[in-house]
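See structure below.
Worth knowing before you read on, the calculation uses all heavy atoms, side chains too, and leaves out hydrogens, waters and symmetry mates. Chain letters run A, B, ... following the sequence lines, proteins first and then strands; every chain starts at 1. Computed from a prediction, not measured in an experiment: that's the story for all the values here.
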Amino acid sequence: MSQRFKDIDYIDLLLWLFRAVIIIIVIWGTVAKIFLGRGNAYTADDWIDFFVSGLSQGSLYALIALGYTLVYGVLFMINFAHGEFFMSGTMTATVFVALPLSASGFLDEHPIIGMLAIMLTAMLISIGVAVLTERVAYRPLRRAPRLVPLITAIGASFFWQYFFRGLYGSSLVPFPELAVLQGKYNLFGIEILKTRAVVVVASVVMLVGLYFFVMRTKTGKAIRAVAEDKDVAALMGIDVDRTIAITFATGAAMAGAAGVLYGLVFRQVHFFMGFVPGIKAFTAAVLGGIGSIPGAALGGLFLGVIEAVGPPLFLEGLGIPGGHQLKDVIAFTMLVLVLIFRPQGIIGERLAEKKA
Amino acid sequence: MPLLDAIKVTKRFGGLTAVNNLSFSIEKGAIVSIIGPNGAGKTTFFNCITGFYQIDEGDIVFDGRSAKGRSPDQITRMGISRTYQNIRLFAHMTALENILVGMEPRLHSTWLGAIFGLRSTLQEEERALDEARELLNFVGLTGKGDWLAKSLPYGDQRRLEIARALASKPKLLLLDEPTAGMNPRETAHTTTFIKQLRDELGITILLIEHDMRVVMGISEDITVLDYGEKIAKGTPVEIQNNPRVIEAYLGRGAAASATIEVAS
Amino acid sequence: MAQLDVRDAIRKGLLAGVIALGLSVIGMVEAFDQRDVITDVFSLGQLLLFAAPAVVGFLVVKGRDIRAYGPALISGALAGVFAAIPIFLLLMLTLIYPGLRAQLVNVSPTLIGILTFGSGQIVGGLLLTAVMGVLGLVGATTHVIPDRISDPLVLGVGWTLLIGVLSEVLLNILRPLLPRGVLRFLFGTKGITLVTAVILLVLITVGIAWWRAQGRERYQKRIAARSAVQVANARRTSLGAGLLLLLVLPFILGTYLTEVVDNVGLYVLMGLGLNIVVGFAGLLDLGYVAFFAIGAYMMGILTSQGDLGVGGISFWLALPICVATSTIAGIILGTPVLRMRGDYLAIVTLGFGEIIRVLATSDLLKPVIGGAQGILQIPKPEIFGFTILQPQHFYYVILASVFLALFISSRLRDSRLGRQWMSLREDEDVAEAMGIHLVKTKLLAFGIGAAFSGLAGAIFAARLSSIFPHSFNLLISINVLSLIIVGGMGSLPGVVVGALVLVGLPELLREFAEYRLLLYGALLIAMMLRKPDGLWPSPVRRRELKAEEQEKLMMQAEGLE
Amino acid sequence: MKRTFLFVLLITLFALVLSACGGQALECEDALGCVEVAPDDPIIIASALVITGPNEQLGLDSQYGVEIAIDFYGDVLGHEVQLQPEDDGCSAEGGQTSAQKIVSNPQIVGVIGTSCSGAGVPASKIVSDAGYIMISPSNTSPALTDPETHEAGYLRTAHNDKVQGRAMAEYAYNVLGVRKAAAIHDGDPYTEGLASVFRDSFTELGGEIVAFEAEAPDATNVEPLLTTVAAAGPEFIYYPVFVSLGGLITKTARDIDALDGVYLAAADGVQSPDFLEAAGSAAEGMYVSGPDLSFTNETYDRFLSTYQEKYGTEPLSVFHAHAFDATTLLLKAIEEVAQEGDDGTLLIGRQALRDKLFATSGYQGITGTLTCNEYGDCADPKIAVSEVKDGAFEAIWP
């Protein structure tokens, strides 16, 4: 199927031109930066900083992207409201748990218990919001035309955003800083902010955990069965509605956890915090190959890193002013580039087969 | 010279060879069947002919011209059209519109003509509509032209798919299991209908079919595939008595039916 | 079935109560309390708050179809009382823990004042419970008493309240027509006066009762008695009247409402364009705002009298150039996504939209298109020495564009290209096998869709006289997509209806902008649950029958198309 | 049908009676027309401020200022003053729509607004074309009072960006003595304008701008940005952005070793309690430029206590005083130009009002001495630099 366009030479030519232009721009910029030293002079430490901060941002994207990927794998719908699941848990946990705990000094005395409490609250609220959304806005529409659930998802996204804005107000809420996580770790001579390191490690643990959950446990198998074929799964005695709800809950739990990690790194939360990371995570999920868990992880990390490293590397090399402003342009251009080469994403495979 | 001549066609998917070194030809005006167990590569071969898949080796010559490397729309324009094993109508369009889409290769009006309401465009549309109504009549769907394709009964959907395929005035018609899911009465009706197509319209027909009564009843020539290879070729009588065919069907009948088709 | 189901009543009552509580704690009740429905008597906030028990009282009885008075009234009252419980609990919580506002910012003294009728948490809470119980009772009663009486009454109350809510719009229309004294008699500072409300209620109730009792039958008889010629004449007359209404609309609506209609018109224009891409060809495009931006910026650059203007040409000369540029952009951005399907297409187009917006903001393109400072001094269009200045003037430009777009859309929909697009939407592979040239068909969809959007953008720029990159955000793409799906995918009248509902209605709630998107979201969900095919789905085109037969059918059928 | 007819008749009669009562002898001779305020009718003024969305604190703060000003001023010639608040949405479309809504009501005398310059551009055109007058408390974009682009009915009591950007540059160069500075903006016209003015002024003073960077306003990961800036080796970073990004940059900057000892500075976009809370201890020692609020007059003290009492909060932003002055200016001008009829009817000439306002000179407001020039700049441009000390802004310069 992928060769269907072979005869249309001028389109291929155009696409190749497109790829070539992007690649040449990137390479030219990089060469100009590294060998001709245009723009700022960065030290090796600076580059490590770029990379590590990108990596931690990317691992957050990856955690959120999981929700998109899981839901897409099962329902073939873009759950636009996923970013709001991420926000709702974090906001609630911050306002009702983190701030009081921090004010009473408990958080600094027992940081691990405190963080677990915050994270648990965030996950529970996210799950609650997700399950409610699924029940009200998605389940009745499972047989409707494909775009209809997309619109209810958009509706749910707006609804939750402004619902939580109404609850907690529109101002920024500072996330408490943990005394134990101040400062930096020294890893093989590389200085890394403790919060960033914690985020990366926690994300990896959760990603691996989720992978095993989906691949090894009974519930995970049910999720995969439903993803494969809902009707057959139902015949096999799997409760499809419940499994789909569990899928949403799993994705939301990851998002809730990601939200707390977000709070740790960026130290402020607000009602609009779900939107941009949500879109980025969705991009990451597609980049990696939507429907694939390792794909989401890879896509997220790639996106985070390219956003951080791209501007100083090739945009500066090209002499473009205000490069960091353009990181979204880089992210989306990379997405287009990857999808032109591999329309099914970096790891995505199943989907392509299914549609053939 | 045969109408269609496939020369040593090979198609691989990764490590799997779905069609292997297959040579096959049809004379003009013939009704030819391809049979074989599930997963034998029949539909894949159809997809190779119609340009859905690009073949890895060999060549396909249609009407004196090579069809290799052409896209499906070009192949349709050369004069081959097809139906699908699992009916693929345009579900949310009416029966009539489905046929009109089938007429595509023969229409020439442009979108600008449509916007400005040029007389030539309107006339062409009118002619096309008339012809589509005739085709509806021909396949026995009179009065159902304004039904959405998805709301037609199953048998009608099969017929509509054939009408859509006929609309391009093909020289060669590929039918992928045209009687699948039909009751014996419908099957008999369809069999007659296929014959009628060839006799009245002079269209050459290539058929994939599981129902042996249909195959044996109308085919003049049968090719048997197994594991992507041709294992037999001949008249119905010859095939019925061919030991390799019997083995292929009965020997691993149970196992074969569980195998998943490579591609739909 | 006339059974008293206590558990059901309690469950539904609590659910309604949770909704009422939600509306209260997110601040909607308080904010909407600012607007009176009936001046100094009843506010929109109270309407929000008290709708829950009344509706649930009705639903509880209706759900079980309880017709006997006793059980019905008890269930209604029970549901009403339980609807008050969540709020009552909140009130108690504020007694125990007065610092709640540190977490939930909208649990303010004002809100508590509204909830308790200003009489303290405990007394007020009980009062609220009683009121809600009574309202539940009232809701239940409407189901029990004969429909003949209850229906007109319910509708009368409903319409009166609606008119009260929309009083600002009415005031805007009536202001030039009626003397100020009359206006002051009819309308209070906010909302309608009590006198007006009572008059309206009586008029509407009586009117509906009469209609139900006699009028409808008479009307239907008259309709049935009409001859074919009369029907055709009536059709023509109503069509003519409709057109005339469209032409004089700005004079009726006044400046501000015409401004709103202009906005709706621009969205209709964009909706028609996206409808070709998504509705006809099935290509999910989430970055449609890109072409809107390109049209607007092109207009800015070509006509601006400021430093950034390069052309200095007239609006009318620039317009086709803007449209052409957008079309070309549509084709260029369409090329890389030719092979992508469904959701891959969605995210990539979303990316394109963002890329265009970020580039417009960026320092990189600042020398050309002004970066953050945008383009200023875009002149208003002139025609024969007359400057198109007011929203009323722009209305006609937009109306003409919408008609043009409607015309092109409908011609294309019924053409060969339209069929190609739809077959593409239904099954891309088979469409290709039918001999359809995918590349050409897809690029035509992207190009024509982009052209409409570019046209809208160009008018937008001239209308605002200035453009800033922030105007071209993702929200616009989402809005346009939502309106075509809410209207009904692929349906041309659906686009208009969708734009009216999703762009026009929210404008009426301008002062509650913080809750506008919340309501918008809820509206999207509710509408999709109720009508997944849209408000005005595209009808099936009947074409098998020949022209004469068709006309006969048309005569018989009242519907459009 | 009969009933409807009766009702219409009733209303018409009523109307006739009412209009017959209102016989008046005042004649309007104003070039732009007049607003006629009937006896017992209120004088209506409108506001078009950003009262929703991410920048709502800016607009709400101003609106409170307007409301307090109306309270303080009391009745104008025996007429109550009523405010019709509109939302400018901080965008061009929002400015356009709210302005259209305002000019569709002929009873509205004048407008306080807009909050954001982006909204001000189309709004000033509509308001001016309709013959109305608007005074903005917080538009700071130079374009609005530029001789080439100024609209006839537009004034403002806020300072021009040119003043504030320059003030910070002077403070950095002259007081702090830094020679290498960096500036960051977020693509908003306000922040980009300020950053540009700062860059130009600083260079003019003889300093060097080592980095002029931009970031998306909704960015989360600003570490790469700051690493880039740090690599350029500035001694001073100016980021006149809003609270969210401002808080992120402030906190992240403290984590970057290379930025130890580098001065951080922002502008009035972050001068709010919200920012102090969000940035926490990281904000300690940073500089913030903004209008000089260290007014030492009685009115401002009374204003502040009223504000606190009425809205239960410290001022949310910095332009409440400018809104107060703008409103008072407008009301005073109305009082002066209005013709009074025998029965209390007022006739307010729109051109006369315009002339009066543009002729304002030496007016003692709480933001200083206001004098309007022909392009509508009325502010007494006093800019102060504050330092964050112990979680509060403390004015330190001049």
Side-chain angles (χ1 to χ4, degrees), chain A residues 39-43 45-54 56-58 60-61 165 169-177 182-184 191 193-196 262 265-273 275-277 279-280 304 307-312 315-316 321-328, chain D residues 52-57 60 182-187 192 195 210-234 242-248 250-252 254-258 270 272-283 313 316:
Chain A
N40 291 317
Y42 295 116
T43 60
D45 278 350
D46 288 338
W47 288 114
I48 290 168
D49 270 353
F50 285 130
F51 189 77
V52 171
S53 75
S56 72
Q57 173 80 22
L60 288 178
Y61 288 157
R165 176 188 190 279
S170 61
S171 46
L172 284 173
V173 181
F175 193 89
E177 298 183 26
Q182 300 292 317
K184 298 180 175 185
E191 299 245 297
L193 281 174
K194 284 184 181 174
T195 47
R196 300 228 177 240
Y262 175 102
V265 181
F266 301 120
R267 287 162 284 175
Q268 59 188 36
V269 296
H270 59 121
F271 80 98
F272 206 63
M273 67 186 266
F275 193 70
V276 175
I279 287 189
K280 289 292 175 57
E307 276 185 2
V309 177
L315 289 190
E316 244 178 62
H324 288 282
Q325 194 180 22
L326 298 174
K327 60 173 175 252
D328 287 6
Chain D
T52 62
N55 301 317
E56 65 177 23
Q57 311 231 325
L60 282 175
I184 302 170
H185 70 86
D186 72 355
E192 202 264 356
V210 291
F212 190 78
E213 274 292 339
E215 179 60 280
D218 46 17
T220 49
N221 188 11
V222 295
E223 201 183 328
L225 166 80
L226 289 174
T227 310
T228 298
V229 171
F242 294 105
V243 175
S244 170
L245 187 60
L248 267 177
T250 311
K251 285 188 272 195
T252 312
R254 301 297 185 204
D255 287 339
I256 294 179
D257 296 337
V270 300
S272 76
D274 223 24
F275 172 74
L276 292 176
E277 201 185 326
S281 58
T313 166
L316 299 165

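Taking all atoms of both residues into account, the shortest heavy-atom contact from A/Gln268 to D/Ser244 is NE2-O, 2.7 Å. Of all heavy-atom pairs spanning D/Pro224 and A/Ala308, the tightest one is CG-CB, 3.6 Å. D/Ala219 and A/Lys327 make their closest contact through CB-NZ, 3.6 Å (heavy atoms, listed as atom of the first residue, atom of the second, distance).
Using a 4.5 Å heavy-atom cutoff, the side chains of A/His324 and D/Ile184 are not in contact. Looking at D/Glu277 and A/Leu172, their side chains never come closer than 4.5 Å, going by heavy atoms from C-beta outward. Between D/Thr220 and A/Lys280, every side-chain heavy-atom pair lies at or beyond the 4.5 Å cut-off.
Across D/Ala216, D/Ala282, D/Ala232, D/Ala279, the residue that shares the most heavy-atom pairs under 4.5 angstrom with chain A is D/Ala232. Ranked by heavy-atom pairs under 4.5 Å with chain A, the first of D/Gln57, D/Glu56, D/Lys251 is D/Lys251. In terms of non-hydrogen atom pairs under 4.5 Å with chain A, the most contact-rich of D/Ile256, D/Thr227, D/Val210 is D/Thr227.
For D/Ser272, the side-chain contact (heavy atoms from CB on, under 4.5 Å) test picks out D/Val243, D/Asp274, D/Phe275, with sequence neighbours left out. Not counting sequence neighbours, the partners of A/Tyr42 by the side-chain contact (heavy atoms from CB on, under 4.5 Å) test are A/Lys33, A/Asn40, A/Asp46, A/Trp47, A/Phe50, A/Pro312, A/Glu316, D/Thr228, D/Ala231.
Taking CG of D/Asp218 as the start and CD1 of A/Ile279 as the end, the distance is 9.0 Å to the nearest 0.5 Å. D/His185 contributes atom NE2, which lies 5.5 Å from atom CD of A/Gln325 (distance to the nearest 0.5 angstrom).
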*Between A/Arg267 and D/Asp255, does a salt bridge (Lys or Arg N to Asp or Glu O under 4.0 Å) hold up when you go through it step by step?*
CA-CA 12 Å; A/Arg267 287 162 284 175; D/Asp255 287 339; 2.8 Å; yes

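For a residue to count as touching a neighbouring chain, one of its non-hydrogen atoms must lie under 4.5 Å from one of that chain's; by this rule A/Glu307 does not touch chain D. For A/Phe272, no part lies under 4.5 angstrom from a heavy atom of chain D.
For D/Asn221 (side chain) and A/Ser53 (main-chain N/O), a donor-acceptor pair under 3.5 Å exists by modelled atom type.
Salt bridge annotation for D/Glu223-A/Arg196: present, with a cationic side-chain nitrogen under 4.0 angstrom from a carboxylate oxygen.
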